[in-house]
Protein chains: 2
Amino acid sequence: MKHESPGNEVTIREVGKRAGVSPATVGRVIGGYGKVSEPTRQRVLEAIRQLDYHPNTIAQSMKGKQRKSVGMIVSDICNPFFGMIARAVDDTLIKYGYNLVICNTDDGIDKEASYLKTLTEKRVDGVLACTACEVERKIPRPVRKFYLETPTVFIDREAEGIDVPVIQADNFGGAYEAVVHLIQLGHERIAIVAGGSMVSSIHQRLQGYMKALQDFGLQFRDDLVKLGRLLGVESGAYAARELLNMPAAERPTAIVGLNNLMTTGVLLAIREAGMTIPDDISVIGWDDFDLAQVLSPPLTVVTQPTYSIGSIAAEHLIALLERQRSYRQANDRKIILKTELVIRESCTSPKAPK
Amino acid sequence: MKHESPGNEVTIREVGKRAGVSPATVGRVIGGYGKVSEPTRQRVLEAIRQLDYHPNTIAQSMKGKQRKSVGMIVSDICNPFFGMIARAVDDTLIKYGYNLVICNTDDGIDKEASYLKTLTEKRVDGVLACTACEVERKIPRPVRKFYLETPTVFIDREAEGIDVPVIQADNFGGAYEAVVHLIQLGHERIAIVAGGSMVSSIHQRLQGYMKALQDFGLQFRDDLVKLGRLLGVESGAYAARELLNMPAAERPTAIVGLNNLMTTGVLLAIREAGMTIPDDISVIGWDDFDLAQVLSPPLTVVTQPTYSIGSIAAEHLIALLERQRSYRQANDRKIILKTELVIRESCTSPKAPK
DNA sequence: ATGAAAGCGCTAACAT
DNA sequence: ATGTTAGCGCTTTCAT
């Protein structure tokens, strides 16, 4: 375990000694500032090579420099949606030399608060957050304070009264379109299965759902809206089972899953119940995935440009960090990207309409 | 943008002033070392609260302390396998107060080398790596050097001549079992679709495949082993198409996909070709996933204890970091976890056995 | 063009 | 029990 035994680290000073120059000069060549003559420069570079010197960014940070790292708050990196976001973010950040610190909150606001605390202590330059803050729930003081004081870009979700830029999909529109699609097919009892907590994106989707019902004169029934206790496949299956166990006359003829985990759960429950899609029940998922085309039948889904959401958010944060004024303007505080309804074969008209 | 404007940071010194004590005393209370009287301690705590002081871990690191952060090398965090590993790792690390820095290499050794460089510069305490190093390929000097000098635990893959602990599944055994299953069903032309590069875990699976063929007196045909160019669904589909386009007498009667992306690609290609599973062709996947049960037919897969691999690796690294000695012993340098063949309905006996 | 020296915020002897 | 002081490795004036 020779790594980092205090004291044996190669420093700027030793490089200087080796190259026959002062530490300051070495600093200039590695930092690329000030003036260094070409021959000196080469000698220093050679010494760096020989000693296998690596600048200590920790020490650099001490002199007011950036840490070149940003934190990312997600519910769960296992979830392909967040995986894709994280990937997009990392791809973008690395172009600017930043590293990504991942924090899984499971949508728990306390876990989020705790991660935020360690991120502050680590003095990350900024954060990208799929916050666990819920609609109409009070936000812990330290959480609000953190987001207000630290360069932050929200992803997918926003939080009331925390005015930072947010990049998200058109959740309202996407849900509206999906529900209208079902209504036009003749469905009148359309259920929604959402998981976890009442985060802003889910809230928006629910609003889109309700607006569609309303626009088409359909009665809203709150027993058709299932909010799983947690965000997970099993939770989605549980909710779907409740729906499927209703008496035939009340039972929904269509279900829309508000995220991929919930949708998987719905699919599981339908198979369990021995029902077939779309003959017995129509299904729409949220977020596309490769296997969707391979399911029998191929699944109709609402797609959002997940990768773009991540990369735009990251670019936005970088702009904030490099202090570009233009990004503090009101008109790009909120970027909403279009969703798309990809119609495959999991929806038809209900057997006995009405 | 008031965050971190140099100079306005609340320091130990201001806290001291506020509490009427020296900076050193403040350090003692936040660090929990040395002796502080209870009243003083309370005054300091109060000052910390009032000023909303947060210790600067960057500065702490300067005094030889740990950074409390570890890097993690993966191919692609989007891949559910790596997502799950990352999740397990983060869950474990956070218990010990460490944070996780994610690095996506796309299995490119140069990208890996470049991330390793920034991780050294950031002086992470250690790293967990699904290395991109391939079997029988030379490893860049800096990469080998890094792994040898930095506390490292390999995950899923190892690298020749880099003697660090590794946690992995029984790739050989898992593949052997899957292939024997197929052979016993009567298959004689069994294809393998692997993606990306010849990383040690894939190599081991291939060995298991070959051993099974050999043990049962089946001829190895290298046109039945497809190594996709990249690791991705499309690459898997491409490979599978080549297999399916073979003349019927040569065409494989079974395909095993060596990871979830490849398997998805195989499924896609089979559907495209209008073939049905398992009547026209049997399929086994690697790595289980929730939707596997919902496919028609439900997919037979080789499962590995992914979460455990991640958490064991993380625990191992922590032990290396905090307890050093005991974990440097030979007998736990390599931990191999059992796989399991989950038999569902995607395999039957081939229609016209020879 | 290069060097000397003063910190950045904190820890850890060493004093008192 | 608490204060003083000297760095950690680097950047950055200010001299030379």
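Letters A, B, ... mirror the listed sequences (proteins, then strands); counts begin at 1.
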Quiz item: Would you say the side chains of A:Q50 and A:R18 form a donor-acceptor pair under 3.5 Å?
Solution: yes

Self-check item: Donor on one side chain, acceptor on other, B:Q42 and B:E46, under 3.5 Å
Solution: no

Practice problem: Report the nucleotide, chosen from C:dT2, C:dG9, C:dA6, that has the shortest atom-to-atom distance to any side-chain atom of A:M62. | Solution: C:dG9

Quiz prompt | B:A59, nearest nucleotide to its side chain (from C:dG3, D:dT11, C:dG9) | solution = C:dG9

Quiz item: With respect to the phosphate group of C:dG9, does any side-chain polar atom (N or O) of B:T11 fall under 4.0 Å of OP1 or OP2?
Solution: no

Quiz prompt | N or O in side chain of A:Y53 less than 4.0 angstrom from D:dC10 OP1/OP2 | solution = yes

Self-check item: Contact summary for B:P151 and B:L321, nearest pair of heavy atoms
Solution: CB-CD1, 3.5 Å

Quiz prompt | Quiz item: B:R28 side-chain donor-acceptor pair to D:dG3 base, under 3.5 Å | solution = yes

Quiz item: Expressed in angstrom and rounded to an integer, what is the separation of A:R67 atom CZ from D:dC10 atom C1'?
Solution: 14 Å

Quiz item: Between B:I12 (CD1) and D:dT5 (P), how many Å, whole number?
Solution: 16 Å

Quiz item: Base, sugar-phosphate alone, or nothing: which one does B:T40 contact when heavy atoms must sit under 4.0 Å apart?
Solution: sugar-phosphate

Quiz item: Hey, which of A:N104, A:D106, A:T105 is the one that makes side-chain hydrogen bond (donor to acceptor under 3.5 Å, both in side chains) with A:K111?
Solution: A:D106

